[in-house]
Amino acid sequence: MEIVTVQTDVLVIGAGLAGICAATAAAGEGCRVILTEKTQVLGGNSGPDAGVHPSGAHRFHTFAAETGIIGQITETAAWRLAKNDSVWHHYNTSPLWDSVLDSALREAGVTVWRNHFAHEPEMDGSRIAAVRVIDTGAYRERQVLVKTAVIDASGDGNISALAGAPFVTGRESRGETGERLAPEQPDSDTLGSSVVAMVRKTNGRVEFIAPPGTPPFHPGYWETAVFKPGENDTLAYFFPSETGGERDTVADEAEIYQKSLAQVYSAWNHIKNISCKEEAKNWELFWIGSRLCKRESRRFLGDYFLTETDVEAGT
């Protein structure tokens, strides 16, 4: 395979919101920036293939709002109507959201490579001098020579780990951190992951037949036990479980996705055929996200380790 070499000041890996903000900010400082994304979709967990809409400060406080780059992007999305109209207005699978993110990056001068998997760092001592990137659509490889910085915003931090950056997973013990809610002994437990689905109201009764192998229902989030949509509700997002926290969220991603998918079917089957047959009789499960929405992966160590005690003290 012929390898094409390109140069840039800053390489950002991962087009979730952290990567998009980092790339935009670096370009604003006059840097040449390449942003790589291993899928076809921008936004990470907030992308149209997952739907977790960015709603940090204002999610739980009426008079709070996101500012900075995120604020600019979400305001643009509002003006361009790049949002589904759903119950709680909290999730979003509109393809226009991807176009808003793409426009913001291009207007900032960022070069965006979709379907590009950054798979190997080339080191100069302790510094990443270049990164090998595979274009998974065209089956070609590029060597990206990096002058200033590599920003690994991929979530799992594959390039960072391969480059030797120190990281931890799981939970530290109370003795290590001094945190009052930490376990007595360290363990490998992490936050679980979810698959987001969508349900919609139709004009008539819709039957649901669970796929073969669907597991028995076990209560998860509150949506699984009760389904009482408002009179005018027609579209709702559905993520009934969080799972996989006892497994390796990097090595076992495919298996965790399948387990979470099965839990979606199990919960919807419970609603449709057992607990809320009348309320849900005209509702159908019509979309399931193709991305496993991870809540936790590797945690890379910086100059300071933020603890629960710091947060509680307002440090």
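Computed from heavy atoms alone, side chains included, the values below leave out hydrogens, waters and symmetry copies. Here the structure is a predicted model, which means the values were calculated and not measured.
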Quick check: is Leu162 connected to Met123 through a chain of hydrophobic side chains (ILVMFWY, heavy atoms under 4.5 Å apart)?
no
Lys294 and Glu253 ion-paired at < 4.0 Å
yes
Rounded to the nearest 0.5 Å, how far does NE2 of His218 lie from OG1 of Thr243?
11.0 Å
Mark yes or no for whether Glu122, through its side chain, and Ile128, through its backbone, hold a donor-acceptor pair below 3.5 Å.
no
Okay, side chain of Ser266, backbone of Gln263: is any donor-acceptor separation there less than 3.5 Å?
no
Taken in chain and number order and not counting sequence neighbours, the residues that satisfy side chain to side chain donor-acceptor pair (under 3.5 Å) with Glu184 are Arg174
Flag, side chain of Thr74 to backbone of Gly71, donor-acceptor distance under 3.5 Å
yes
Correct closest heavy-atom pair for Ala118 and Val131 would be CB-CG1, 3.9 Å
Return the minimal non-hydrogen interatomic distance between Gly178 and Thr309, and the atom names on each side.
O-OG1, 3.6 Å
side-chain hydrogen bond (donor to acceptor under 3.5 Å, both in side chains), that's the test. Do Glu176 and Ser173 meet it? Break it down for me.
CA-CA 5 Å; Glu176 291 177 86; Ser173 69; 3.2 Å; yes
Judged by atom type as modelled, is there a donor-acceptor pair below 3.5 Å linking the side chain of Asp9 to the main-chain atoms of Arg32?
yes
Shared hydrophobic cluster, Val199 / Tyr265 (ILVMFWY, side-chain heavy atoms < 4.5 Å)
yes
Separation between CZ (Arg247) and CG (Asp189), nearest 0.5 Å, reads 13.5 Å
If you measure from CD on Glu246 to CG on Asp252, what distance do you get to the nearest 0.5 Å?
9.0 Å
Hydrophobic clustering (ILVMFWY, side-chain heavy atoms < 4.5 Å, transitive) - are Ile134 and Val146 grouped together?
no
Asp152 side chain to Ser160 backbone, donor-acceptor under 3.5 Å:
yes
The test is side-chain hydrogen bond (donor to acceptor under 3.5 Å, both in side chains); show your working for Asp310 and Tyr304 and say whether it passes.
CA-CA 11 Å; Asp310 291 328; Tyr304 186 79; 3.0 Å; yes
Using the rule that Ile, Leu, Val, Met, Phe, Trp and Tyr join whenever any side-chain heavy atoms are under 4.5 Å apart, tell me whether Leu145 and Val4 fall into a single cluster.
no
Find out if a path of hydrophobic residues (ILVMFWY) with successive side-chain heavy-atom gaps under 4.5 Å connects Val250 to Phe300.
no
Could you tell me whether Trp268 and Phe227 have their ring centroids closer than 6.0 angstrom?
yes
Determine, for Phe167 and Arg298, whether the Lys NZ or Arg CZ falls below 6.0 Å from the six-membered ring centre while staying within 45 degrees of the axis.
yes
Among Trp287, Phe239, Phe238, which one satisfies ring-ring contact (aromatic ring centres under 6.0 Å, His included) with Tyr91?
Phe239
Kindly give the heavy-atom pair with the smallest separation between Cys293 and Val52, and that separation in Å.
SG-CG2, 4.1 Å
Looking only at non-hydrogen atoms, find the nearest pair between Gly244 and Ile256 and report the distance.
O-CD1, 3.9 Å
Compute whether any side-chain donor of one residue and acceptor of the other, for Arg295 and Ser194, lie under 3.5 angstrom apart.
yes
Under the criterion salt bridge (Lys or Arg N to Asp or Glu O under 4.0 Å), I'd like the reasoning laid out for Glu207 against Lys272: C-alpha separation, chi angles, the key distance, then a yes or no.
CA-CA 8 Å; Glu207 302 295 332; Lys272 287 286 292 184; over 6 Å; no
Give a yes/no verdict on a cation-pi contact between Arg142 and Trp113, requiring under 6.0 Å between NZ or CZ and the six-membered ring centre and an angle within 45° of the axis.
yes
What's the verdict on side-chain contact (heavy atoms from CB on, under 4.5 Å) for Arg299 and Thr169, showing C-alpha distance, side-chain angles and the deciding distance?
CA-CA 6 Å; Arg299 299 198 307 283; Thr169 57; 5.6 Å; no
List the steps, then state whether side-chain contact (heavy atoms from CB on, under 4.5 Å) holds for His116 with Lys38.
CA-CA 5 Å; His116 278 69; Lys38 69 178 182 180; over 6 Å; no
To the nearest 0.5 Å, tell me how far Glu29 CD sits from Thr24 OG1.
12.0 Å
Closest approach of Ser297 to Asp156 (non-hydrogen atoms, all atoms of both residues)
OG-OD1, 2.7 Å
When Ile, Leu, Val, Met, Phe, Trp and Tyr are grouped by side-chain heavy atoms lying under 4.5 Å apart, directly or through other members, which residues fall in the same group as Val12?
Val10, Leu17, Ile20, Val33, Leu35, Leu42, Ile69, Ile70, Ile73, Trp97, Val100, Leu101, Leu105, Val110, Val112, Ile151
Near Leu181 CG, under 6.0 Å, is it more than 12 heavy atoms from other residues, nucleotides or ligands?
yes
Using modelled atom types and a 3.5 Å cut-off, is there a donor and acceptor pairing between side-chain atoms of Ser260 and backbone atoms of Val195?
yes
Shortest non-hydrogen contact between Ile274 and Lys277, atoms and distance:
N-CG, 3.7 Å
Say you draw a straight line from CD of Glu179 to CZ of Arg171; how long is it, rounded to the nearest 0.5 Å?
11.0 Å
Using a 3.5 Å distance criterion without hydrogens, assess whether the side chain of Thr214 forms a donor-acceptor pair with backbone atoms of Pro211.
yes
Are the side chain of Thr249 and the backbone N or O of Glu296 linked by a donor-acceptor pair below 3.5 Å?
yes
Quick one: OG on Ser275 to CG on Asn269, what's the gap to the nearest 0.5 Å?
9.5 Å
Determine whether Thr39 and Arg291 make a side-chain contact, defined as any pair of heavy atoms from C-beta on separated by less than 4.5 Å.
yes
Between Gln143 and Thr5, do the side chains contain an N or O donor and an N or O acceptor separated by less than 3.5 Å?
yes
Donor-acceptor pair, Thr8 side chain versus Leu11 backbone, under 3.5 Å?
no
Decide yes or no for Asp98 and Pro95: does some side-chain heavy atom of the first lie under 4.5 Å from some side-chain heavy atom of the second?
no
Lys201 (side chain) donor-acceptor with Leu235 (main chain) under 3.5 angstrom
no
Determine, stepwise, if the pair Val206 / Asn282 fulfils side-chain contact (heavy atoms from CB on, under 4.5 Å).
CA-CA 5 Å; Val206 179; Asn282 292 349; 5.8 Å; no
Between Arg80 and Glu75 (salt bridge meaning N to carboxylate O under 4.0 Å), is one present in this structure?
no
Trace of the side-chain contact (heavy atoms from CB on, under 4.5 Å) decision for Glu308 with Arg180
CA-CA 8 Å; Glu308 174 193 27; Arg180 62 185 180 87; 3.9 Å; yes
I would like to know whether Glu141 and His119 meet side-chain hydrogen bond (donor to acceptor under 3.5 Å, both in side chains); could you show each step before the answer?
CA-CA 10 Å; Glu141 185 170 8; His119 72 99; 2.9 Å; yes
Would Asp135 and Arg114 pass as an ion pair if we require N to O under 4.0 Å?
no
Applying side-chain hydrogen bond (donor to acceptor under 3.5 Å, both in side chains), run through Thr93 and Tyr237 and close with a yes or a no.
CA-CA 10 Å; Thr93 55; Tyr237 285 83; 3.1 Å; yes
